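Taking it in order: structure first as structure tokens, then the write-up.
Everything numeric here is computed off the predicted structure, so don't read it as measured data.
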Amino acid sequence: MEPLLKKLTGQRVFGEPYEKDGVTFIPVASVRAGGGFGRSPKQGGEVPGGGGGVVNRPVGMFVLKDGDVRWRPAFDLNRLILGGQILAGLALIVYAVTRRPR
């Protein structure tokens, strides 16, 4: 449990700031964690087990320039592709339902 808790820090959400040409960038990520513990049904429930994990996904960055702070969201190509696939699937279902012989 302790190794998982060590991974859940503010440093996972806010990355190390860096500066270029007088502009400071602070990367930001979404952090999700989960875990579970239990006993195996094998050997009469006597074998303990467990697992867990942490998932980080970049969501954007804060940009600091001349005392002004702006939020720049990250572009997630995977999310765009998934949305297109869902839309195409729904279009095919609607087409199949409306084109059925009566």
Side-chain angles (χ1 to χ4, degrees):
M1 181 78 151
E2 190 173 317
L4 182 62
L5 291 176
K6 286 182 180 179
K7 293 181 181 181
L8 299 176
T9 66
Q11 292 172 341
R12 288 275 189 190
V13 176
F14 298 101
E16 195 69 34
Y18 61 94
E19 185 177 339
K20 183 176 181 182
D21 299 330
V23 180
T24 303
F25 302 92
I26 304 173
V28 181
S30 170
V31 180
R32 291 183 289 161
F37 302 94
R39 296 197 178 273
S40 171
K42 296 178 182 178
Q43 301 176 359
E46 296 296 323
V47 180
V54 177
V55 177
N56 297 337
R57 184 178 62 83
V59 293
M61 67 175 46
F62 288 107
V63 180
L64 290 78
K65 181 179 179 181
D66 299 327
D68 187 33
V69 179
R70 292 182 183 241
W71 171 252
R72 298 288 184 209
F75 177 72
D76 190 350
L77 182 60
N78 290 334
R79 197 173 264 196
L80 181 67
I81 291 171
L82 178 62
Q85 290 172 336
I86 291 171
L87 187 61
L90 287 174
L92 286 172
I93 291 170
V94 168
Y95 177 78
V97 169
T98 58
R99 301 300 272 169
R100 262 188 358 193
R102 297 181 193 248

### Query
Would a hydrophobic clustering, with Ile, Leu, Val, Met, Phe, Trp and Tyr connected at side-chain separations under 4.5 Å, put Val55 with Val13?
no

Is any side-chain heavy atom of Leu64 closer than 4.5 Å to one of Ile26? yes

Salt bridge (Lys or Arg N to Asp or Glu O under 4.0 Å) pairs touching residues 81-91, sequence neighbours excluded, are none

Side chain to side chain, Trp71 and Val28, heavy atoms closer than 4.5 Å = yes

In short, side-chain hydrogen bond (donor to acceptor under 3.5 Å, both in side chains) pairs touching residues 57-69 with sequence neighbours left out are Asp68-Arg70

May I ask you to test the Thr24-Val63 pair for a side-chain heavy-atom distance under 4.5 Å? no

Taken to the nearest 0.5 Å, the spacing of Glu19 CD from Phe25 CZ works out to 9.0 Å

When every non-hydrogen atom of Glu16 is compared with those of Pro27, the smallest separation belongs to O-CD, 3.7 Å

Taking only distance into account, with no hydrogens and no angle test, what donor-acceptor pairs under 3.5 Å do side-chain atoms of residues 73-97 form with protein atoms, sequence neighbours excluded?
unit_1: Asp76; atom_1: OD1; unit_2: Asn78; atom_2: N; d: 3.3
unit_1: Asp76; atom_1: OD1; unit_2: Arg79; atom_2: N; d: 3.4

Worked verdict on Met61 versus Phe14 for side-chain contact (heavy atoms from CB on, under 4.5 Å): CA-CA 9 Å; Met61 67 175 46; Phe14 298 101; over 6 Å; no

